[in-house]
Amino acid sequence: MNDYKPSQIEPKWQRYWDEHKTFKTDDSDRSKPKYYVLDMFPYPSGSGLHVGHPEGYTATDIVARYKRMKGFNVLHPMGWDAFGLPAEQYAIKTGTHPRITTEKNIERFKTQLKSLGFAYDWDREINTTSPDYYRWTQWIFLQLYKKGLAYQADVPVNWCPELGTVLANEEVIDGKSEVGGFPVIRRPMRQWMLKITEYAERLLEDLEELDWSESIKLMQRNWIGKSVGANITFKVAGHEGEEIRVFTTRPDTLFGATYMVLAPEHELVAKITTDAKRAEMDAYVEQAARKSDLDRGELNKNKTGVFTGAYAVNPATGESVPVWVADYVLITYGTGAIMAVPGHDERDWEFAKKYGLEIREVVAGGDVSKAAHTQTEGSACVNSDNGEVSLNGLAVDEAKQRIIGWLEEKGLGEGAVTYKLRDWLFSRQRYWGEPFPIIHVDGQPKPLSEADLPLTLPDVERYEPSGTPESPLAGITDWVETTDPETGKPARRETNTMPQWAGSCWYYLRFIDPDYTQGPVSKEKEQYWMPVDLYVGGAEHAVLHLLYARFWHKVLYDLGVVSTKEPFYKLVNQGMILGEVEYTVYRAEYGRFLTQDDLKTYSGELTRIRLRQDQVTKNDAEGYELDPSRAAEPVTVMHPNGKKEEMSGYFSDADLKQAVPVEARSFKMSKSRGNVINPDEVVKQYGADALRLYEMFMGPLEQPKPWSMSGVEGVYRFLKRVWRLMIDEEGDGGLHPLVQDVAADRAQEKALHEAIKKVTDDIEGFRFNTGISALMIFVNEAMQWEQRPLGLMRDFLLLLSPYAPHLAEELWERLGFEASVAEQPWPEYDPAKLISDVKTYAVQVNGKVRGEITLPLSDAGDKEKVLALAKEEPGVAKYLKEAQIVKEVFVPMRIVNIVVKPA
RNA sequence: GCCGCUGUGGUGGAAUUGGUAGACACGUUGGACUUAAAAUCCAAUGGGCCUUAAAAGCCCGUACCGGUUCGAGUCCGGUCAGCGGUACCA
């Protein structure tokens with residue numbers, strides 16, 4: 001017996017690649033063009049590799065192996081984004097040092113990755129928690145600090161008592177922590193902030209030059225949220241010298257600003273509120289302060305506010321307008337105050353209606369008594385003339401220009417741009433993160449000198465949060481208390497640590513030069529390798545990681561550390577792999593089966609009945625139902641109490657009188673659902689090559705797609721066919737007798753060259769699924785041949801090798817070739833060999849295919865000959881008999897279409 | 001609500017610039033091999049109609065409605081559904 005045994009050949013070749021350092025990147029060779037392929041930095045979690053990881057990793061591995069064979073100097077590294085909350089929480093629970101947990105998890109991840117045969121240069125492995133690495137993370141922070149891009153501020157932050165830490169806005173989802181779902185409240189704290197807003201415009205502009213999907217670029221643009229408008233100053237009546245600055249995108253509606261609104265946190269609120277209103281205002285402001293973002297969001301539809309009793313002066317009309325306070329105005333955006341134009345803004349309109357404020361039309365075209373008129377196209381301004389400036393009759397865009405000109409002239413305002421993007425909250429109250437290279441002397445922050453880096457994490461005894469928002473580091477007195485090396489004064493170390501994003505913001509640079517000691521990366525190597533040519537990862541990092549990394553990169557660019565404006569030239573986001581499709585019947589308490597629509601409103605107890613795919617049929621209404629003929633077969637019944645039970649004959653005759661609706665869908669893999677596929681199990685049963693191949697064969701890389709175990713079996717069968725194509729299974733495991741060193745015939749060569757073309761084009765275009773299909777087509781054909789020419793088998797293995805490298809290496813060796821298949825040049829296809837002697841045209845009559853004609857290639861471009869032959873084709877001829885030919889369409893090498901009408 | 005993406009057989013998907021819709025797989029059915037099973041191989045497989053049967057033929061069909069075109073899965077307008085992002089951003 002000599003059948004295909006991945007469990008034997010895969011470890012063998014993994015060992016070979018390790019020992020021969022097959023995939024070590026040669027840094028000294030500058031003669032070859034470079035190609036930098038990068039996977040998104042994994043967090044080595046305790047649960048090990050998920051099937052989602054190998055999806056992106058296989059894609060990059062295929063590209064890396066292919067580019068190497070194409071003669072590129074390829075950089076394809078892997079490392080660990082290993083700081084983070086889970087290891088710390090585990091430490092709190094068990095007292096295990098996060099370093100130990102992290103090392104263990106990394107070991108496991110690495111073993112798993114190696115078992116999949118990825119062509120990483122493991123000599124470049126990096127780890128964000130290693131002092132050699134975070135030394136440079138700290139160094140970059142110092143540069144940010146020196147450039148004035150890092151500052152401390154007292155900001156209301158998301159304090160999560162349960163986690164004992166402050167979370168970034170993006171780690172809070174619907175008022176709960178992203179990790180664990182614990183409640184989050186707002187409280188002010190001294191925090192480190194990074195001025196990413198200073199780079200907003202460049203982050204926006206430089207998106208243009210990137211080869212990223214439009215949807216990701218759009219998400220980034222929305223996140224940055226650029227708005228163009230004007231800042232306008234309103235004087236406060238009766239408060240000499242007090243002004244309210246507002247930002248508006250609609251300065252053209254200034255004449256319609258009939259009231260103003262301040263955010264509850266606005267500094268003027270206390271100053272201008274009249275005594276009569278003070279008690280009411282204080283209560284409102286306090287209530288708003290206590291609300292989380294969630295509460296504010298929930299009140300979306302029911303706006304509340306309180307009149308300050310004060311009035312401001314509309315600079316255009318000179319009229320007094322009331323100043324309100326309402327929490328629909330956010331202190332964090334623009335100036336924290338707005339001019340309200342209820343006639344032309346939906347929120348303002350709603351608020352004005354509720355509180356009986358004046359609604360004035362200043363842009364014609366709507367009915368402002370019924371709704372805000374927000375449309376700008378084709379609308380002209382009205383009621384907008386104060387004797388000095390008139391907008392009447394102007395289109396919105398012109399009106400904006402005119403009024404801004406007037407405001408600037410009078411010193412009442414100016415054109416302005418605002419971004420939704422906010423500064424980056426950069427500190428965390430955690431132990432397991434990079435310490436800030438900062439000491440506090442006399443209450444002032446002072447950076448350590450670069451020579452003192454790295455500032456290493458001290459060991460602690462206990463990891464519990466102190467119950468205060470401070471990090472566990474605050475409790476380590478002999479680390480926290482230090483002296484200023486310059487002045488000898490007593491100093492305190494910064495006890496916050498950096499967020500997990502820090503280490504992943506620049507790791508792509510460290511891979512280039514992991515042992516460099518004079519900086520994050522040497523200039524010479526950076527210039528050779530950057531930018532990253534291909535970056536693959538999940539879409540969950542679409543905004544934050546990619547925006548933060550781009551920000552740091554631009555700072556480093558300004559410092560001259562890097563030579564490119566952008567870090568990642570091409571980005572591909574893999575789609576999520578979902579669990580196997582589940583076919584479920586839902587049954588209500590009283591026995592009725594529920595449709596999808598019923599489920600939306602039903603709230604009682606549910607029994608769920610899980611069916612197999614072949615027990616289900618599709619009905620006319622595009623839904624699924626139970627196949628009555630299969631109803632007696634075993635099903636899994638999940639009772640409302642959570643009990644699971646296998647039952648045969650679950651459905652009674654009465655149940656089957658009507659169609660039983662079935663829900664067919666696949667869900668995100670999750671432990672609680674029990675639909676998680678463990679890649680180790682797949683490797684054990686089918687091998688790494690099958691797993692790799694299947695993950696690529698499932699469908700387009702960027703699309704989400706459901707897992708299917710029988711799909712894995714399908715590609716496994718293909719690999720076995722490849723094996724049998726070349727190996728004599730019945731005999732002693734030598735070559736298959738049909739594999740012979742003979743010349744290939746024309747048809748065989750054509751089959752190979754078609755495969756070469758398709759596989760090559762598809763790798764270039766990231767269409768791995770159709771590339772595999774081309775490999776299958778070749779094998780299906782080759783299996784029929786009476787001889788299997790060695791040279792063709794050889795070239796086929798080269799095509800297979802990026803996808804199924806272990807099998808390719810093994811067969812390469814058994815065919816008697818030297819060295820590693822990974823070190824061979826990629827085969828080129830010969831266009832001459834793709835051409836066949838004949839051409840087959842489909843012939844249409846009135847756009848419908850009625851026949852086919854085949855003629856020698858030499859005649860295929862001859863319209864006369866083709867049409868003559870087409871008209872003779874019996875299937876076509878019968879439609880021409882009683883008809884009159886109106887038009888003859890001939891597209892060379894594509895189609896013939898004869899248009900007729902009844903005679 | 002707003003923005004974006006996606007809708008193709010029983011299933012995953014293919015059709016790269018408008019040119020024979022369903023490649024390649026999975027599943028199913030039938031057959032071969034086998035004491036039997038697994039594995040493997042062969043055949044059929046979008047739906048319907050016609051036909052004793054076969055060969056062949058015809059009609060319908062890419063979420064739905066409409067349009068452009070000799071010709072539309074592909075382009076345009078509208079609708080619906082699913083997924084993702086975002087949410088008082090002035």
Side-chain angles (χ1 to χ4, degrees), chain A residues 3 213-216 218-219 221-223 225 227 229 246-250 253 261 293 296-297 299-301 303 326-330 332-341 345-348 350-351 418-422 539-540 542-543 575-576 578 581 596 613-614 616-618 622 624 627 664-665 694 697-700 702-715 717-718 720-721 724 729 761-762 765 767 769-770 772-777 780 783 840-852 875 878 886-891 893-900:
Chain A
D3 49 356
S213 75
E214 276 311 309
S215 69
I216 298 286
L218 195 70
M219 279 162 73
R221 283 190 193 108
N222 289 343
W223 195 265
S227 294
V246 301
F247 172 75
T248 178
T249 55
R250 293 293 305 278
T253 62
V261 186
D293 282 343
R296 280 202 184 190
L299 296 170
N300 201 335
K301 301 228 160 54
K303 297 195 189 332
D327 64 6
Y328 82 88
V329 172
L330 308 176
T332 47
Y333 183 76
T335 60
I338 62 162
M339 65 176 212
V341 185
D345 180 281
E346 277 168 31
R347 292 171 315 248
D348 297 345
E350 224 178 280
F351 192 80
T418 296
Y419 301 91
K420 220 153 61 171
L421 184 69
R422 297 176 204 173
E540 66 272 19
V543 177
M576 197 192 302
L578 306 169
V581 179
Q596 293 301 290
Q613 192 194 327
D614 52 16
V616 173
T617 69
K618 213 169 189 176
E622 305 276 305
Y624 295 84
D627 180 348
R665 56 176 288 204
Y694 174 65
F697 189 58
M698 289 171 89
E702 303 194 50
Q703 227 79 83
K705 43 214 170 263
W707 186 268
S708 153
M709 252 335 171
S710 41
V712 181
E713 255 173 89
V715 295
R717 285 207 278 261
F718 164 68
K720 285 198 289 186
R721 278 163 73 79
R724 284 199 310 275
E729 283 196 326
D761 291 352
D762 284 352
R767 292 179 300 265
N769 53 331
T770 50
I772 293 168
S773 142
L775 294 172
M776 289 172 166
I777 291 169
N780 289 348
M783 281 298 225
T840 299
Y841 278 101
V843 183
Q844 300 179 329
V845 179
N846 289 346
K848 284 194 169 130
V849 178
R850 299 299 183 184
E852 235 176 38
K878 70 181 182 192
V886 181
K887 191 173 177 181
E888 290 168 347
V889 179
F890 172 69
V891 185
M893 303 312 283
R894 287 215 182 258
I895 200 90
V896 178
N897 187 11
I898 300 168
V899 185
V900 300

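Note that the structure is a prediction, hence the values are computed from the model and not measured.
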**Message:** Applying a 4.0 Å non-hydrogen cut-off, can you work out what R721(A) is touching in the nucleic acid: base, sugar-phosphate, or nothing?
**Reply:** sugar-phosphate
**Prompt:** Which is true for N780(A) with a 4.0 Å heavy-atom rule: it touches a base, it touches only sugar-phosphate, or it touches nothing?
**Reply:** sugar-phosphate
**Asked** Touch check for S227(A), heavy atoms < 4.0 angstrom, all strands: base, sugar-phosphate only, or nothing?
**Response** sugar-phosphate
**Message:** Need one value for N897(A): base, sugar-phosphate or nothing, where a base atom within 4.0 Å counts as base even if backbone is also close, heavy atoms only.
**Reply:** base
**Prompt:** Contact class for S708(A) vs. all strands (heavy atom < 4.0 Å): base, sugar-phosphate, or nothing?
**Reply:** nothing
**Request:** Check whether more than 12 heavy atoms from other residues, nucleotides or ligands sit under 6.0 Å from atom CD of E346(A), and answer yes or no.
**Result:** no
**Prompt:** Taking O4'-C1'-N9-C4 for purines and O4'-C1'-N1-C2 for pyrimidines, is G9(B) syn (within 90° of 0) or anti?
**Reply:** syn
**Message:** Would you measure the distance from the C1' atom in G10(B) across to the matching atom in G47(B) and give it in whole Å?
**Reply:** 13 Å
**Fill in**
From CD1 of I772(A) across to C1' of A14(B) the rounded distance in Å is 13 Å
**Request:** Scan F718(A) against the nucleic acid and name what it touches under 4.0 Å (heavy atoms): base, sugar-phosphate only, or nothing.
**Result:** nothing
**Message:** Rounding to an integer number of Å, can you tell me how far E346(A) CD sits from C2(B) P?
**Reply:** 9 Å
**Message:** Checking contacts here: which listed nucleotide (C24(B), U20(B), C70(B)) is nearest the side-chain heavy atoms of K887(A)?
**Reply:** C70(B)
**Request:** Check whether the side chain of E852(A) and the base of U20(B) form a donor-acceptor pair under 3.5 Å.
**Result:** yes
**Distance in angstrom units between W223(A) CH2 and C3(B) P, rounded** = 19 Å
**Request:** Report which part of the nucleic acid G334(A) touches: base, sugar-phosphate, or nothing (heavy-atom distance under 4.0 Å, all strands).
**Result:** nothing
**Message:** Output the pairing pattern of RNA chain B as a dot-bracket string, 5' first, Watson-Crick or G-U wobble with both distances under 3.5 Å, | for cross-strand pairs, [ ] for crossing pairs.
**Reply:** (((((((..(((......[....)))((((((.......))))))((((.......))))..(((((..]....))))))))))))....
**Request:** Measure from the side chain of D327(A), starting at C-beta and using heavy atoms only, and say which of U20(B), C88(B), G19(B) lies closest.
**Result:** C88(B)
**Complete:** From CH2 of W707(A) across to C1' of G13(B) the rounded distance in Å is 16 Å
**Asked** Looking at G13(B), A90(B), C88(B), which one has an atom nearest to any side-chain atom of V329(A)?
**Response** A90(B)
**Request:** Please state how far atom CG in N222(A) lies from atom P in G84(B), giving the value in whole angstrom units.
**Result:** 18 Å
**Request:** Report, as a single string ordered 5' to 3', how protein heavy atoms within less than 4.0 Å touch nucleotides 57-63 of chain B: B base, S sugar-phosphate only, - not at all.
**Result:** SSSS---
**Request:** Between U16(B), G19(B), C3(B), spot the one nearest the side chain of Q844(A), thanks.
**Result:** G19(B)
**Item:** d(NZ, K618(A); P, G10(B)) in whole Å
**Value:** 5 Å
**Prompt:** Considering only heavy atoms and no angle criterion, is a donor-acceptor pair shorter than 3.5 Å present between the side chain of Q703(A) and the base of G13(B)?
**Reply:** no
**Asked** NZ of K720(A) versus P of C41(B): gap in Å, rounded?
**Response** 9 Å
**Request:** Treat primed atoms plus P, OP1 and OP2 as sugar-phosphate and everything else as base, then score nucleotides 44-51 of chain B 5' to 3': B for base contact with protein heavy atoms under 4.0 Å, S for sugar-phosphate contact only, - for none.
**Result:** --------
**Message:** Distance check needed: U20(B) C1' versus I895(A) CD1, whole Å only.
**Reply:** 6 Å
